[in-house]
Amino acid sequence: MKKIFLPFGKISKQTLIIMIVLQVIVTLLVWQTTSDGLIPKPGNVATAFGQLLTTKLFIDNMFVSLALTLKAMLYSIIITLVFAYLSVIPFFKSIAQLIVKCRYLTLTGLIFIFTLLTKDGSELKLSLLVFGIVPFFTTSFLSVIINIDKQEYELCKTLGYNNWQTLYEVIIVGKADQVFEILRQNFAISWLMITMVEGLSMSEGGIGTLLIKYNKYNDITNVVALQLVLFLIGLCFDWLLGLTRHWLFPHSKLKQEVAS
Amino acid sequence: MTTCIKKEILLKAENINLSYDDKIILRDINFCIKDIVRMDVKQGQVVSLIGRSGIGKTQLFKILSGLQKPTSGTVKLHNNQTVKAGDMGVIFQNYYLFEWRTVYYSLLLAAKQNDVLKGKEKETIEQYAADFNLKDELKKYPQQLSGGQRQRASIIQQLLKGSDFLLLDEPFSGLDVCMLDKVTNLLLQVSTSDELKTLIIVSHDIITSVAISDTVLILGSENGKPGATIKKEIDLIERDLAWKKDIKQEKAFIETVEEIKDCL
Ligand SMILES: Nc1ncnc2c1ncn2[C@@H]1O[C@H](COP(=O)(O)OP(=O)(O)OP(=O)(O)O)[C@@H](O)[C@H]1O
Ligand SMILES: [Mg+2]
């Protein structure tokens, strides 16, 4: 029992599950007792959640959003990889670093420019998303590259590799598993942006538009239920990406086991 | 005395200095390794580099192998060319292996760099793995290896790569008695596999290392002066202590080891 408060303490799976269940129950109880007229009670949210999952409106919108996010992530990771790999070449280094700094640009101020540059709503959404995500991906990947141990390069050199072979072995092959980790860590950001971007061009629908509609009619129960869905989908992706990474790159799992 | 002559220069370190900020690590290092020619044997060279912990052996290795630039001075090879990274095989003290490759693949990468092994990479790797008790480990990732297994994999990797020069930083630590014999035998075998093969061994295990060497270099600081330099060079051929099987029991050998220890 004492172990659950001990730094680096190791607890059994069973204890972990009991602990989580208890924490969830306490949260629900607190929620139940503190919520009044305006904030919906857990029971109501659960009902709304159940209903939401069965409506066609929700399912269609969900697919629109998911498809857009995945597409944006795919484009973003490709762009990121190109720039990150090139970043070890001095000529491209500054470009990569500039992209990293673009994190500080807020999308809101750029909507007008992007509207001018794109021809329709879906293109606008996609390009805004990609523009928003790439800096975060690039930041993560560059930090992976910067943190590469000197020994990895030294081993390449002693094996007689030239610089291109070293780039291939250490960064492209050696850090391929990190691509999944970056997707996983930044999925939340893409997910956050999608609700915002979708509000800009409502014609195609999506979770974002749905949220805005519910908000407009003060349908807070449904808003919270929708939040719950967003949360669960996020968790699901987190888990899926982690699993894929370990499956494709067994060594990444070993590293984690050593670390934990 | 064993008859042999020392011929052309294979490696020449000239006036090597290394400092970090203001701290002098290595000072005026000069030595050369010559090709030893013996009748009827393809005799390579084995040099022991001995010195206290923290004196600068690993740093000197990095300079010799071209991985690091000295503050001043040059390392030249037999064709009078300055050494560059990749000319030498280096086995580092911590036996780093690519974490994302299985042992087999790591070895294969090295074997592919060696033209001599073209077409028989697989068999050669399996042969080495069998000799060094690594057969079951070939499929594993470095994280799953014991310290000693990692070390053997690391040594085999550089052997497969097949450079003429092989620098070994602490190859004997962490080996059990049986493996120690195998590794020393292997190094002897490598050193006689080609006329030009040259091994430079850094080790705190003076007896094991000196027993298979023909030359001993002692790296140490000279009284008062900052930085380490080659304090002494011992020619074991001259003392008739090289290339002998049961050398460890000989009186002259034991005396030489004592002499080295006193020098540290
Ligand atoms: N990057 C660095 N910056 C400053 N000083 C360094 C650096 N790397 C090594 N040194 C110093 O250089 C000296 C020599 O280090 P080196 O690793 O060569 O020792 P060593 O002889 O190999 O010791 P050991 O037998 O313990 O491996 C040490 O005093 C160390 O503190
Ligand atoms: Mg060292």
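Lettering of chains follows the sequences in order, A, B, ..., and the numbering in each one begins at 1.
Along residues 182-196 of chain A, no residue comes nearer than 4.5 angstrom to chain B, judged on non-hydrogen atoms.
Other residues, nucleotides and ligands contribute at most 12 non-hydrogen atoms within 6.0 Å of the CZ atom of A:Phe83. Shown here is B:Asn79, whose CG atom has more than 12 heavy atoms of other residues, nucleotides or ligands within 6.0 Å. Other residues, nucleotides and ligands place more than 12 heavy atoms under 6.0 Å from the NZ atom of B:Lys182. Atom OH of B:Tyr104 is surrounded by more than 12 heavy atoms from other residues, nucleotides or ligands within 6.0 Å. Within a 6.0 Å radius of OH in A:Tyr75, no more than 12 heavy atoms belonging to other residues, nucleotides or ligands are found. Counted within 6.0 Å of CZ on B:Arg52, heavy atoms from surrounding residues, nucleotides or ligands total 12 or fewer; the atom is thus considered open. Atom CD of B:Glu123 has more than 12 heavy atoms from other residues, nucleotides or ligands within 6.0 Å.
At a 4.5 Å heavy-atom cutoff, B:Lys140 makes no contact with chain A through either its backbone or its side chain. When heavy atoms are compared at a cutoff of 4.5 Å, B:Asp87 does not approach chain A at all. Only the backbone of B:Leu97 comes within contact range of chain A, judged by heavy atoms closer than 4.5 Å. Proximity to chain A is limited to the side chain of B:Gln113, based on heavy atoms less than 4.5 angstrom apart. For A:Tyr153, no part sits under 4.5 Å from any heavy atom of chain B, backbone or side chain. Residue B:Gln68: no heavy atom, backbone or side chain, is found under 4.5 Å from chain A.
When side chains are defined from C-beta on, B:Phe92 does not count as touching A:Leu155, because their heavy atoms never get closer than 4.5 Å. Counting heavy atoms from C-beta on, the side chains of A:Lys157 and B:Val90 never come closer than 4.5 Å.
Among B:Lys84, B:Lys112, B:Lys62, the residue making the largest number of heavy-atom pairs under 4.5 Å with chain A is B:Lys62.
Between A:Asp149 atom CG and B:Asn94 atom CG the span is 8.5 Å, to the nearest 0.5 Å. For the atom pair B:Leu67 CG and A:Gln151 CD, the distance stands at 11.5 Å (nearest 0.5 Å).
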Checklist entry - Can you check side chain to side chain contact (heavy atoms under 4.5 Å, CB included) on A:Thr158 and B:Gln157, steps first, answer last? => result CA-CA 10 Å; A:Thr158 56; B:Gln157 186 184 35; over 6 Å; no
Show me the donor-acceptor pairs within less than 3.5 Å that the side chains of residues 166-179 of chain A make with the rest of the protein, sequence neighbours left out.
| residue | atom | partner | partner atom | Å |
| --- | --- | --- | --- | --- |
| A:Thr166 | OG1 | A:Asn162 | O | 2.9 |
| A:Glu169 | OE1 | B:Arg101 | NH2 | 2.8 |
| A:Glu169 | OE2 | B:Trp100 | NE1 | 2.8 |
| A:Glu169 | OE2 | B:Arg101 | NE | 2.8 |
| A:Glu169 | OE2 | B:Arg101 | NH2 | 3.3 |
| A:Lys175 | NZ | A:Glu152 | OE1 | 2.9 |
| A:Lys175 | NZ | A:Val170 | O | 3.4 |
| A:Asp177 | OD2 | A:Arg245 | NE | 3.3 |
| A:Asp177 | OD2 | A:Arg245 | NH2 | 2.8 |

